[in-house]
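Below is one structure; the comments refer to it alone.
Remember, it's a predicted structure, so these values are computed and weren't measured experimentally. Protein chains get the first letters and strands the later ones, always in sequence-line order, with residue 1 at the start of each.
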2 protein chains.
Amino acid sequence: MKGKATSFDIAHLAGVSQSTVSRALRNSPLVKPETIEKVQRIARELNYKVDKHASSLRSQQSATLALLLFEDPTTDDSLINPFFLSMLGSITRACARQGFDLLVSFQQLSDDWHADYEDSHKADGIILLGYGDDVDYQPKLQQLDRQGTRYVRWGPLSEGSGLSVGCDNRQGGQDATEHLIRLNRRRIAFIGNASHHYPEFFARYQGYVRALMEAGLSVEPALQQDAITTEQAGYDAVEALLQRGTRFDALFAASDLIAVGAMQALQAHGLRVPEDVAVMGFDDIPVARFASPPLSTVRQDTKLAGEQLVESLVRQIRGEPVRSTTIPTRLIARKSCGEG
Amino acid sequence: MKGKATSFDIAHLAGVSQSTVSRALRNSPLVKPETIEKVQRIARELNYKVDKHASSLRSQQSATLALLLFEDPTTDDSLINPFFLSMLGSITRACARQGFDLLVSFQQLSDDWHADYEDSHKADGIILLGYGDDVDYQPKLQQLDRQGTRYVRWGPLSEGSGLSVGCDNRQGGQDATEHLIRLNRRRIAFIGNASHHYPEFFARYQGYVRALMEAGLSVEPALQQDAITTEQAGYDAVEALLQRGTRFDALFAASDLIAVGAMQALQAHGLRVPEDVAVMGFDDIPVARFASPPLSTVRQDTKLAGEQLVESLVRQIRGEPVRSTTIPTRLIARKSCGEG
DNA sequence: CTGAAAGCGCTTACAG
DNA sequence: CTGAAAGCGCTTACAG
């Protein structure tokens, strides 16, 4: 036997037809148990594996999911948001459990990926993870919808368009802000883009606003400062706040990466965390625990998130009913807000 | 036209044969330029993509690489070593640049993955990344060798077996230790498994030993303490050192994760870093910068590493000559060793 | 419960 | 430069 064994080789050795081999390998109830056993034994001995391409071509499904991580073109090329990295871990494991392979790709928003994965039959469905301007992103989603591509997106429920799994950003933002208020902070700045271009950040901002209002505090536009999810943006945002003379005794950053940069800027200006300014982040990336001081934050459960993403997509592929879901967040109090 | 377009559809519309379409889509020099242009225009209009399975089945290559991350079964299920995560980022980008898709899988050492990926033609080659007992791992590599599977491994040069890309662990360990000696530390503990079961750690240990000897310092067995790559193991190792009354004024941890856990244990015992004990890590994971105090470490260039892994593997697949390579490390001095 | 046959959508000798 | 034909290795009606 030269080269890899095929189902014909096994058929020959087992004294059955190739069709029977194919059925036996997939444990078809149509095949006599002893035939199944014999075929599988021979397959094992020959170290035979079903050819993925042949079976996918014939059955028109690949048992593969594609994970597309799209990034803001402005993001540093080498740095991937740690939050997504931990999501990736959980998605990978969930795929394995469901018997799917996972193709991973990082994309720039500008690339022409949207047509590729399903059209070329590389994957049965796509998981979209990313950050960047949602308004720029919508046309891509619409194209996927038009093409009937099966996908699930990590993020907010989109109006009318595809399936999504996201966390309760508004509630998380409200919890974070209420925590700061409870610790007697009254002038709480919000750092992060607060517009429909960044719906997740915007939802966190809305939670922030609601908490302020319920506490009878006023919402001051001067206390909001734009930032995308990078340390640098967090640093710059604090400088901007300081430069324009805005006073604040607490700071709610729309992500941990922003918060970490913000703390550095505060400390560079001689402000103490939490004594002068309490700081709250969002995500609970691994670095949060190690920041100085350790960063209070709103944890997104990446393990559950990854599982839900995969499960939703697989169900969609199987034609089962699916709905977008929202998973709860959890406040993690650490030293950066004072008396954890 | 219902369903996806095929090359026959394009052939029909372009008024040429299907063979010509296939050639034109791959820019074959055999095809007249204007035919190429016409075919490609029509393909674009139809949103046609070559079916991956059909082309792979026929050409017997999949333009896909598999990344297998294998872990110590003892490792916490949810936590992936951040070092490998950043490697993953760089591998993903390198694959995209080379025109390969990337399948990602996390494996337990006990799983039967080794036969799967190439045998089933899912991937043209495999990138192996991982930690765990090298001795347990060798049989898997030998099986890959026997099967003629193309793979490249991140790690030390194995005797006789496959291709590898690794960093210069011995030199890195020596640099780290010399740095501590230069800062007047004399009793330097080494935390990490120092045996052929963990060859990378062992090489770091050998660098440590060499630096001590070149400085005329003695190598004390009591100063070495086993630990695998987890925070917990680092914490426990320091407790063990302390408990047995070993005195030390510096500590070289075989990885940053170990170092971070070790610093926590030191601080829990009222020891100051770096005043009482200077601490040095290895890897330069993102957390290192944020540790308190910021952790001195030996940086492994994950960007270069990922590129080299992919390039070596792709060359091997193409039948080009390849050699195992070693990439240099770089000492990053931060506060945990004193006067960075 | 099993087999003979068709066909998934390409690539690639082979022939012109 | 182009076309007709074979075939990659399976799965799955269809017939028994």
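Across the protein-nucleic acid pair, A:K49 atom NZ and D:dC10 atom C1' stand 16 Å apart, rounded to whole Å. Atom CD of B:Q61 is separated from atom C1' of D:dC8 by 13 Å (rounded to the nearest Å). Regarding B:L57, its CG atom lies at a distance of 10 Å from the C1' atom of C:dT11, rounded to whole Å. Nucleotide D:dA4 holds its P atom 10 Å from the CZ atom of B:F8, rounded to whole Å. Between B:H53 atom NE2 and D:dG7 atom C1' the separation is 19 Å, expressed in whole Å. The distance between atom CG of A:L30 and atom C1' of D:dA13, rounded to the nearest whole Å, is 12 Å. Put simply, NZ on A:K38 is 9 Å from P on C:dT2, counting in whole angstrom units. Computed from coordinates, the A:D9 CG to D:dG9 P distance equals 9 Å when rounded to whole Å.
Side chain of B:T6, nearest nucleotide from D:dC1, C:dC10, D:dA5: C:dC10. The side chain of A:R26 sits closest to D:dT12 out of D:dT12, C:dT2, D:dA4. Of the candidates C:dC10, D:dC10, C:dT11, C:dC10 carries the atom nearest the B:A54 side chain, counting heavy atoms from C-beta on. Set against D:dA4, D:dT12, D:dT2, the side chain of B:V31 has D:dT2 as its closest nucleotide. Comparing atom distances between the B:T35 side chain and each of D:dT2, C:dC8, C:dC10 picks out D:dT2 as nearest. Closest to the A:R23 side chain, of the nucleotides C:dT2, C:dG3, C:dC10, is C:dG3. Listed candidates were D:dT11, D:dG9, C:dT11. Nearest to the side chain of B:S22 is C:dT11. Side-chain proximity of B:D51 to D:dT2, C:dC10, C:dG3: nearest is C:dC10.
Residues A:K38 and A:E34 are not paired through a salt bridge, judged by the lack of any N-O separation under 4.0 Å between the basic side chain and the carboxylate. A:K122 and A:D101 are not joined by a salt bridge, as no carboxylate oxygen comes within less than 4.0 angstrom of a charged side-chain nitrogen. Between B:R150 and B:D124 there is no salt bridge, since no side-chain N of the basic residue sits under 4.0 Å from a carboxylate O of the acidic one. Ion pairing between B:R93 and B:E307 fails under the 4.0 Å rule for side-chain N and carboxylate O.
Two residues, B:R58 and B:P29, neighbour DNA chain D, and the one matched to the more 5' nucleotide by heavy-atom proximity is B:P29. For B:G15 and B:Q60, each mapped to the nucleotide of DNA chain D holding its nearest heavy atom, the one lying further toward the 5' end belongs to B:G15.
As judged by a 4.0 angstrom heavy-atom cut-off over every strand, B:S55 is placed among residues touching the sugar-phosphate backbone only.
Separation of the C1' atoms belonging to C:dG16 and C:dT12 is 16 Å when rounded to the nearest angstrom. One P atom belongs to D:dA13, the other to D:dG9, and the distance between them is 23 Å to the nearest Å.
Between the side chain of B:S324 and the main chain of B:V165, no donor-acceptor pair closer than 3.5 Å is present.
Under the Watson-Crick or G-U wobble criterion, with both distances below 3.5 Å, C:dA4 is left unpaired in every strand shown. Using Watson-Crick or G-U wobble geometry with both donor-acceptor distances under 3.5 Å, C:dA13 finds no partner in any strand shown.
Close to C:dT11, at under 4.0 Å from its OP1 or OP2, lies no side-chain N or O of B:S59. Residue A:S7 places at least one side-chain N or O under 4.0 Å from the OP1 or OP2 atom of D:dC10.
In this structure, A:Q300 and A:W154 have side chains that are in contact, with non-hydrogen atoms separated by less than 4.5 Å.
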